[in-house]
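Keep in mind it's a predicted model, so treat the numbers as computed, not measured.
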Amino acid sequence: MLAWVALLWLLEVVDTLSGHELDGLGITPRTTSELVDIVPAAFIHFGYAHVAANSVPLLVLGFLAALGGLRRFAAICALIIVADGLGVWLTAPAPTNTAGASGLIFGLFGYLLVTGFVERRPLGIVIGVVVAAVWGTAFLAGLSPAQTGVSWQAHLIGLVAGVGAAVVFRRRTTETTRLAPGL
């Protein structure tokens, strides 16, 4: 996660040095040529304050989600990024330009909230409750359409995609493995 966040900061430095050329990799809704920007948009930010605001939540939530395995984590992130990007492309108002890791962050939040319940794993439930207690109010505020300059659509769609990822990538358990993990 440190490397991921470092990449986001490096990209913002490159963006600044290039006169903000990378900002064009954001998603402009319902423009067919913009579909190729769905994945890159999750790595581009509109200034240092934007990437700074996303760094700590991405570090913490990404670290917690990655504890389930790196391959699984990569698949979860890919699903959230693509679903969120497509959703933003379909629903954001024209002529906006949407970019940033916050859709992924909201997705990881949603994933961590429900994965313990979906998998019926007590530790996962505890993690979801702790994540909700620590971050819940901030994430609810991020869903408000009243915030100007913030894509509540990306936040909401990311959250839904994260919940979906918890279902799609759930580990199937039997009663025996729930009661006696490691058997």
Side-chain angles (χ1 to χ4, degrees), residues 1-9 11-12 26-27 38-46 49-92 98-171:
M1 288 316 304
L2 288 173
W4 191 320
V5 171
L7 173 64
L8 298 182
W9 281 92
L11 288 170
E12 188 53 38
I27 300 167
I38 284 174
V39 173
F43 295 87
I44 303 304
H45 290 81
F46 301 129
H50 187 201
V51 74
N54 284 336
S55 292
V56 172
L58 184 58
L59 275 171
V60 174
L61 300 176
F63 172 77
L64 290 172
L67 290 175
L70 290 180
R71 284 187 191 156
R72 184 172 188 233
F73 175 68
I76 290 163
C77 289
L79 185 145
I80 293 169
I81 288 169
V82 170
D84 185 57
L86 285 171
V88 166
W89 187 83
L90 287 169
T91 64
T98 303
S102 60
L104 172 61
I105 292 165
F106 272 76
L108 292 172
F109 177 76
Y111 171 80
L112 290 168
L113 282 182
V114 302
T115 195
F117 293 100
V118 169
E119 295 179 356
R120 299 178 185 186
R121 294 180 184 256
L123 180 59
I125 293 170
V126 169
I127 290 171
V129 169
V130 170
V131 164
V134 172
W135 298 90
T137 304
F139 278 86
L140 281 176
L143 295 174
S144 172
Q147 291 184 353
T148 57
V150 175
S151 176
W152 65 270
Q153 296 92 342
H155 295 173
L156 178 61
I157 295 163
L159 181 66
V160 171
V163 171
V167 173
V168 169
F169 295 107
R170 73 184 174 275
R171 290 188 175 104

Do any N or O atoms from the side chain of [X] and from the backbone of [Y] form a donor-acceptor pair under 3.5 angstrom?
X    : Y    : value
R171 : G68  : yes
H45  : A101 : yes
E12  : A52  : no

Heavy-atom closest pair, residues [X] and [Y]:
X    : Y    : value
I80  : G107 : CD1-C, 3.6 Å
A99  : G26  : CB-CA, 3.9 Å
S144 : W152 : O-CB, 3.7 Å
A165 : I76  : CB-CG2, 4.1 Å
C77  : L108 : SG-CD2, 4.3 Å

From [atom1] ([X]) to [atom2] ([Y]), nearest 0.5 Å:
X    : Y    : atom1 : atom2 : result
I157 : L90  : CD1   : CG    : 7.5 Å
I105 : S55  : CD1   : OG    : 8.0 Å
L79  : D84  : CG    : CG    : 10.5 Å
L140 : F109 : CG    : CZ    : 7.0 Å
L104 : I81  : CG    : CD1   : 5.0 Å
R121 : R170 : CZ    : CZ    : 12.5 Å

- Apply side chain to side chain contact (heavy atoms under 4.5 Å, CB included) to the pair L61 and F139, showing each step before the final yes or no. CA-CA 12 Å; L61 300 176; F139 278 86; 3.6 Å; yes
Requested in this report: Go through V163 and Y111 one step at a time and tell me if the side chain to side chain contact (heavy atoms under 4.5 Å, CB included) criterion holds.
Outcome: CA-CA 5 Å; V163 171; Y111 171 80; over 6 Å; no
Got [X] and [Y] here, is their nearest side-chain heavy-atom distance under 4.5 Å?
X    : Y    : result
L58  : L8   : yes
L112 : W135 : no
T115 : F169 : no
M1   : F73  : yes

Worked check of side chain to side chain contact (heavy atoms under 4.5 Å, CB included) between L86 and I38:
CA-CA 7 Å; L86 285 171; I38 284 174; 3.3 Å; yes
Consider side-chain contact (heavy atoms from CB on, under 4.5 Å). Of L2, L64, N54, which one does L59 pass it with?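 Testing each of L2, L64, N54 against L59, the sole residue satisfying side-chain contact (heavy atoms from CB on, under 4.5 Å) is L2.
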- Message: Parallel, tilted or perpendicular, judged at 30° and 60°: which one describes the rings of H50 and F46?
- Response: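 Taking F46 first and then H50, their aromatic rings lie parallel (interplane angle under 30°).
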